[in-house]
Peer 1: 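Below is a structure I'd like to ask you about.
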Amino acid sequence: MTEPRGCENQIGPRIKRLGHAMNRSFMEHARENGIDEITVISGRIMGLIYHNPDRDIFQKDVEEAFHITRSSVTSVVQLMEKRGYITREPVPYDARLKKLVLTGQGREAHDRAMLALTATEATAASALTAEEKAQFMRLCDKLIAAMETEKKAGEDRC
């Protein structure tokens, strides 16, 4: 499929299309691993908690790690809690805060989600040489830096 007329040379629509294609691939692999209700972001949140056993993870950490809004995090976390993947537990040092904790079911889902993520990444990586992948990563970092610099410059204006 080609880009919509007028978007052929635009970066944003191409990146969005790639993101959607990778999300669809992840969801397909997740279904193959018996976890059809896991989304990419819930899988990434489980990974953040799983790979940081030495520190408490809060919703604010999720917002910052994945650059998503508080309302989006709240919605995803509530759904993950409803499905039994995580719990929100109080911390002794601040009654206002609740850390995110993986349940046993959440750990099992994380392991299956990692299989899906690995398969998705392998599919993407197989389309590129090692040099192309390194260049792609550099270009993405360059675009991210440009967008973040522009945002910061706008915040500095009166």
Side-chain angles (χ1 to χ4, degrees), residues 11-12 15-126 128 130 133-134 136-157:
I11 295 169
I15 291 171
K16 188 170 187 168
R17 185 172 166 200
L18 174 60
H20 285 303
M22 292 197 69
N23 286 343
R24 282 191 303 274
S25 176
F26 172 85
M27 296 301 293
E28 184 178 312
H29 290 295
R31 278 191 295 279
E32 291 169 3
N33 287 300
I35 51 168
D36 55 346
E37 73 281 351
I38 298 290
T39 62
V40 172
I41 192 62
S42 60
R44 293 196 185 281
I45 291 169
M46 284 188 259
L48 179 65
I49 299 166
Y50 183 89
H51 293 289
N52 288 281
D54 55 330
R55 72 180 185 107
D56 294 337
I57 301 294
F58 302 99
Q59 287 190 209
K60 184 76 172 161
D61 298 315
V62 174
E63 293 170 32
E64 292 171 0
F66 302 115
H67 307 281
I68 54 178
T69 64
R70 182 170 33 169
S71 61
S72 294
V73 173
T74 298
S75 297
V76 173
V77 165
Q78 286 174 343
L79 188 58
M80 290 174 71
E81 192 173 28
K82 181 179 174 185
R83 290 185 171 155
Y85 296 131
I86 61 170
T87 58
R88 286 187 272 195
E89 299 178 3
V91 292
Y93 52 88
D94 191 333
R96 298 166 298 174
L97 296 176
K98 300 231 191 262
K99 66 181 177 177
L100 305 178
V101 178
L102 279 178
T103 63
Q105 184 179 348
R107 288 185 187 288
E108 183 181 317
H110 168 266
D111 292 343
R112 291 180 180 204
M114 285 306 299
L115 293 172
L117 180 62
T118 300
T120 300
E121 286 289 325
T123 299
S126 71
L128 303 172
K133 181 180 176 185
F136 177 78
M137 296 299 208
R138 283 191 303 275
L139 292 171
C140 286
D141 290 345
K142 189 174 185 176
L143 290 169
I144 291 166
M147 295 295 106
E148 289 176 351
T149 299
E150 179 186 55
K151 180 183 179 215
K152 224 178 240 333
E155 291 171 357
D156 293 341
R157 293 186 195 128

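Values in this document were obtained by computation on a predicted structure and should not be read as measured data. Sequence positions, counted from 1, serve as the residue numbers for this chain.
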Peer 1: Counting distance only, does the side-chain N/O of T149 pair as donor-acceptor with the main-chain N or O of A145 below 3.5 Å?
Peer 2: yes
Peer 1: So, for A113 and I35, which heavy atoms are closest and what is the spacing to 0.1 Å?
Peer 2: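 Smallest heavy-atom distance, with atoms named: N-CD1, 3.4 Å.
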Peer 1: Would R44 and L117 satisfy side-chain contact (heavy atoms from CB on, under 4.5 Å), going step by step from the backbone distance to the final call?
Peer 2: CA-CA 9 Å; R44 293 196 185 281; L117 180 62; 4.0 Å; yes
Peer 1: Given the rule in the side-chain contact (heavy atoms from CB on, under 4.5 Å) test, do L97 and K99 qualify, once you have shown the distances and angles that lead to the verdict?
Peer 2: CA-CA 7 Å; L97 296 176; K99 66 181 177 177; over 6 Å; no
Peer 1: Please report the interatomic distance CG(L100) to CE(M80), rounded to the nearest 0.5 Å.
Peer 2: 8.0 Å
Peer 1: Write down the atom of R112, the atom of G34, and the distance for their closest heavy-atom approach.
Peer 2: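 Of all heavy-atom pairs spanning R112 and G34, the closest is NH1-O, 3.6 Å.
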Peer 1: Would you please say whether a donor-acceptor pair under 3.5 Å links the side chains of E89 and T87?
Peer 2: yes
Peer 1: In terms of ring plane angle, is the pair H51 and H110 parallel, tilted or perpendicular, where the classes change at 30° and 60°?
Peer 2: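 H51 vs H110 ring planes: perpendicular.
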Peer 1: Are there over 12 heavy-atom neighbours, none belonging to R88, within less than 6.0 Å of that residue's CZ?
Peer 2: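 Yes, because the 6.0 Å sphere around CZ of R88 holds more than 12 heavy atoms from other groups.
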Peer 1: Looking only at heavy atoms, what is the nearest atom pair of T39 and M27, with distance?
Peer 2: CA-SD, 3.9 Å
Peer 1: For the CD1 atom of I15 and the NE2 atom of H20, what is their distance to the nearest 0.5 Å?
Peer 2: 12.0 Å
Peer 1: Could you give the distance from CD (Q59) to OG (S72), rounded to the nearest 0.5 Å?
Peer 2: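 With rounding to 0.5 Å, CD (Q59) is 11.0 Å from OG (S72).
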Peer 1: Could you grab the distance from atom CG of L79 to atom CD1 of I41, nearest 0.5 Å is fine?
Peer 2: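 It comes to 12.5 Å.
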Peer 1: Heavy atoms only: give me the nearest I38-A109 pair and the separation to one decimal.
Peer 2: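 What the structure gives for the nearest pair is CD1-CB, 4.1 Å.
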Peer 1: Do the side-chain N and O atoms of R83 and Q105 include a donor-acceptor pair separated by under 3.5 angstrom?
Peer 2: no
Peer 1: List the steps and the verdict of side-chain contact (heavy atoms from CB on, under 4.5 Å) for M46 and L102.
Peer 2: CA-CA 7 Å; M46 284 188 259; L102 279 178; 3.6 Å; yes
Peer 1: What are the two closest non-hydrogen atoms of N33 and A116, and how far apart are they?
Peer 2: ND2-N, 3.8 Å
Peer 1: Considering residues at least two apart in sequence or located in another chain, which fulfil the salt bridge (charged side-chain N to carboxylate O under 4.0 Å, His left out) criterion with E121?
Peer 2: none
Peer 1: Report the distance from atom NE2 of H67 to atom CD of E148, rounding to the nearest 0.5 Å.
Peer 2: 6.0 Å
Peer 1: May I ask you to decide if G84's main-chain N or O and T103's side chain share a donor-acceptor pair within less than 3.5 Å?
Peer 2: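 Yes, the answer is positive, given that a donor and an acceptor are paired below the 3.5 Å cut-off.
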Peer 1: Would you say that more than 12 heavy atoms from the other residues, nucleotides or ligands in this model lie under 6.0 Å from the CZ of F58, or not?
Peer 2: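 It does: F58 CZ has more than 12 such atoms within range.
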Peer 1: Does this structure show an ion pair linking R24 with E28, if we count only N-O contacts that are shorter than 4.0 Å?
Peer 2: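 The answer is no: the pair does not qualify as a salt bridge.
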Peer 1: List the residues meeting salt bridge (charged side-chain N to carboxylate O under 4.0 Å, His left out) with K16, not counting sequence neighbours, and say none if there are none.
Peer 2: none
Peer 1: Measure the CD1-CG distance between I45 and D61 for me, rounded to the nearest 0.5 Å.
Peer 2: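 It is 11.5 Å, given to the nearest 0.5 Å.
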Peer 1: Sequence neighbours left out, what passes salt bridge (charged side-chain N to carboxylate O under 4.0 Å, His left out) with R96? Give chain and number order.
Peer 2: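 Only D94 meet the salt bridge (charged side-chain N to carboxylate O under 4.0 Å, His left out) criterion with R96.
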Peer 1: Can you list the steps and then say if F66 with V73 is a side-chain contact (heavy atoms from CB on, under 4.5 Å)?
Peer 2: CA-CA 10 Å; F66 302 115; V73 173; over 6 Å; no
